[in-house]
Number of protein chains: 2
Amino acid sequence: MPTIRDVAKMAGVSVATVSRVINQSGYVNTKTRAKVLHAMKHLNYKPSTVARGLAGKKMHFIALILPDISNPFFSELARAVEDVAQQHDFTVFLCNSDNDDNKEANYIEVLKKKNVDGLIISSNTFNEKDIESFRDDKIPVVILDRSIINEGYSIVRSKNREGARLAVHHLLEHGCRKIAHISGPQKTDTGRERLYGYEDVVKLFSWYDPTLIEEGQFQIEGSDIALQNLLRRHPDIDGIFAGNDLMALGVLKELRKQGLRVPTDIAVCGFDGIMLTKLTQPTITTVAQPIYQMGAKAAKMLVQKIRGEQTGSQLFEFEVKLIEGESTQRNHCKNS
Amino acid sequence: MPTIRDVAKMAGVSVATVSRVINQSGYVNTKTRAKVLHAMKHLNYKPSTVARGLAGKKMHFIALILPDISNPFFSELARAVEDVAQQHDFTVFLCNSDNDDNKEANYIEVLKKKNVDGLIISSNTFNEKDIESFRDDKIPVVILDRSIINEGYSIVRSKNREGARLAVHHLLEHGCRKIAHISGPQKTDTGRERLYGYEDVVKLFSWYDPTLIEEGQFQIEGSDIALQNLLRRHPDIDGIFAGNDLMALGVLKELRKQGLRVPTDIAVCGFDGIMLTKLTQPTITTVAQPIYQMGAKAAKMLVQKIRGEQTGSQLFEFEVKLIEGESTQRNHCKNS
DNA sequence: TTGAAAGCGGTACCAT
DNA sequence: ATGGTACCGCTTTCAA
């Protein structure tokens, strides 16, 4: 690999001059620039990001910490972040925390050593202390799909609580008289918010009982057990609001196994709006978040912060939208 | 951020000594080491990877180039690579090529500038020239899920052609008399291999005709059109081998729309073995690849190459396995 | 066993 | 408009 000195020598100028043309900074004669450019081309010179990094420049790295890249919601988020990052010449570190606190702590450490310029975190279990350490080092952080009350962070999320209310209302409007909820992990903000939204609506009814709630892991695995528990306690439920689409998928599967028909016997509504909800039989009603846009927005905000074009914290909350599928197409009470 | 000099000063030793204890290289007195260690702890010192990189050390970066992170097959691959990388203290750059040659070329360039230590590429459309340039720089490359004949690269993949034959045989055994194929993009090796496998089997039959093949994009989108085309040309097909599971999902969806029953009217078999095939109604028969293992193996090979523990090229080919789902459970000819 | 100093490949300030 | 040069933070001879 040729270095800047090679280029300087070949062009018959100083390294300072070459640096100037690379960075388009300072004055440099048109003819000189041409010579330098030519030399760079000829040698196939590529300035080392590492060296520039050491010399005080940005490395153009951003890190993306996710709980689980194999969840379609997060892989779509990742795709969006990656797209925007590349548009702005940033490379993204993929950090799969697997909901493991240790892994995450380890990442934080590594990322600091590697001079990341910014961080997007969308993980369930992170330690606020760790994040603070970034702020102390003036490294911008954007929090995605989580809602920390704490000031000083920029946040991108969608209206989880409101979305949950939408879901439950929808089930009610479609004739459900006893609605259970398989929640996300209660250690996650989104899991809690959606549970609150569910409670907001159902607590007004006489049939409501806390045992209508079962905690899931936002994954397909385990949602079958959760459903079994619910059915055991309440054989008469006729509607289920799942905390996310993956769990709704699992529920659909398990209901089928139990010989229950959807939506005739039990209606199902999910949350997220991943594409799979459109592929099942029946298709699944879900509260859709603008996933790609959320990821893209987070990445844009981060890039702006890194460039110093925008400081301070801000909250960006996306609207959610109920997408009607077949899994709730039963006898209506109203609105039809 | 404290630097090595701060540590040296605090411990009352030279930077060289501190460096030695960090790298566990050279001689250093036990007591001295203790002092240094203490100073490092006290200052919460984290050596800068960037600086070490400049000074000739590995950055502990590997890059993963994928065509589409939102395809579950690739997100699972990514998860595996990331897991193994983290175990070995490597960070992974996520590069989503989107099947776009320009994006990919751009990545190659960026990656070289950023001193990646190794590269795993699993993209459809890459330019061999670009990859060669890595080899010229002695940067290890592992090719995942692609089959380049070219010597000099290590490759991890599974038996695509054999798998395709398995699929078609399975369809035949389950009573199919006219089997169509929705292939992957023919510019991809996997797409071609699976097509060859299909042809290997069907060309022996009198009903076979090249118009039983329709090219898809390995995505849900477009598989509906492909199916429509096939049905128009051959209304009598009773079996479909889809080049991957995503397309099988799309096919299932479209068949339903067309009022055709699976497997009664038409049997369907996919390829990959992503989890979704187990969630549909009916579940989808598929030729499963050991996805996670493939990713993990590729990452392990790459790490070994980076460490110089293993040189030269090698081929690692995984076995595939037909997983029977409901989408082919129709009247059997034999084996039942 | 420890320290001094020369890089690694750039950037940026200060002269000229 | 260009060149000289002192860093950036760490590694690694080479001496002491």
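Just so it is clear: chains get the letters A, B, ... in the order the sequence lines come, proteins before strands, and each one is counted from 1. Note that this is a predicted model, so its numbers are computed, not measured.
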In whole Å, what is the span from the [atom1] atom of [X] to the [atom2] atom of [N]?
X: A:I4; N: D:dG4; atom1: CD1; atom2: C1'; value: 14 Å
X: A:Y27; N: D:dA1; atom1: OH; atom2: C1'; value: 10 Å
X: A:N115; N: D:dC8; atom1: CG; atom2: P; value: 14 Å
X: B:L54; N: D:dC7; atom1: CG; atom2: C1'; value: 12 Å

A side-chain contact here means heavy atoms from C-beta on lying under 4.5 Å apart; do B:K58 and B:I306 qualify?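 Yes - at least one pair of side-chain heavy atoms lies under 4.5 Å apart.
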Is there a side-chain contact between A:I108 and A:I65 in this structure, where contact means two heavy atoms from C-beta onward sitting under 4.5 Å apart?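 In contact.
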Just the endpoints, please: which first and last nucleotides of DNA chain C, 5' to 3', lie under 4.0 Å from a heavy atom of chain A?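 It runs C:dG9 to C:dC13.
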For DNA chain D, the residues among residues 37-49 of chain B that have a non-hydrogen atom under 4.0 Å from it: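 The answer is B:Y45, B:P47, B:S48.
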Axis deviation across the helix from C:dT1-D:dA16 to C:dT16-D:dA1, five-pair ends, to the nearest 10°: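 The end-segment axes of the helix from C:dT1-D:dA16 to C:dT16-D:dA1 are tilted 40° relative to each other.
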Results of salt bridge (charged side-chain N to carboxylate O under 4.0 Å, His left out) for [X] - residues two or more places apart only:
X: B:R52; value: none
X: A:K57; value: none
X: A:D137; value: A:K112

Test side-chain hydrogen bond (donor to acceptor under 3.5 Å, both in side chains) applied to [X] - qualifying residues, sequence neighbours left out:
X: B:H38; answer: none
X: B:S158; answer: B:Q289
X: A:D68; answer: A:S70

When only distance counts, do a donor and an acceptor, one from the side chain of B:R5 and one from the base of D:dG9, lie under 3.5 Å apart?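 Yes, the side chain and the base share a sub-3.5 Å donor-acceptor pair.
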Quick test of your reading of the model: are A:K103 and A:D98 salt-bridged, counting only N-O distances below 4.0 Å?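 Result for this pair is yes, salt bridge flagged.
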Run the numbers on B:K9 and B:D6 for salt bridge (Lys or Arg N to Asp or Glu O under 4.0 Å), then give the verdict. CA-CA 5 Å; B:K9 188 168 301 174; B:D6 300 326; 5.6 Å; no
Toward the 5' end of DNA chain C, by each residue's nearest nucleotide, A:M1 or B:V13: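 Looking at DNA chain C, the more 5' nearest nucleotide goes with B:V13.
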Hey, what are the protein-to-nucleotides 13-16 of chain D N/O distances that come in under 3.5 Å?
none

Which residues pass the ring-ring contact (aromatic ring centres under 6.0 Å, His included) test with B:F93, sequence neighbours left out?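 Partners of B:F93 under the ring-ring contact (aromatic ring centres under 6.0 Å, His included) test: A:F61, A:F93, B:F61.
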Tell me, please, which residues at least two apart from B:F316 pass ring-ring contact (aromatic ring centres under 6.0 Å, His included).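 Here the qualifying residues are B:F318.
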Do we get A:R135 above A:Y153's six-membered ring, with its NZ or CZ under 6.0 Å from the centre and within 45° of the axis?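 Yes; both conditions hold, so A:R135 lies above the ring face of A:Y153.
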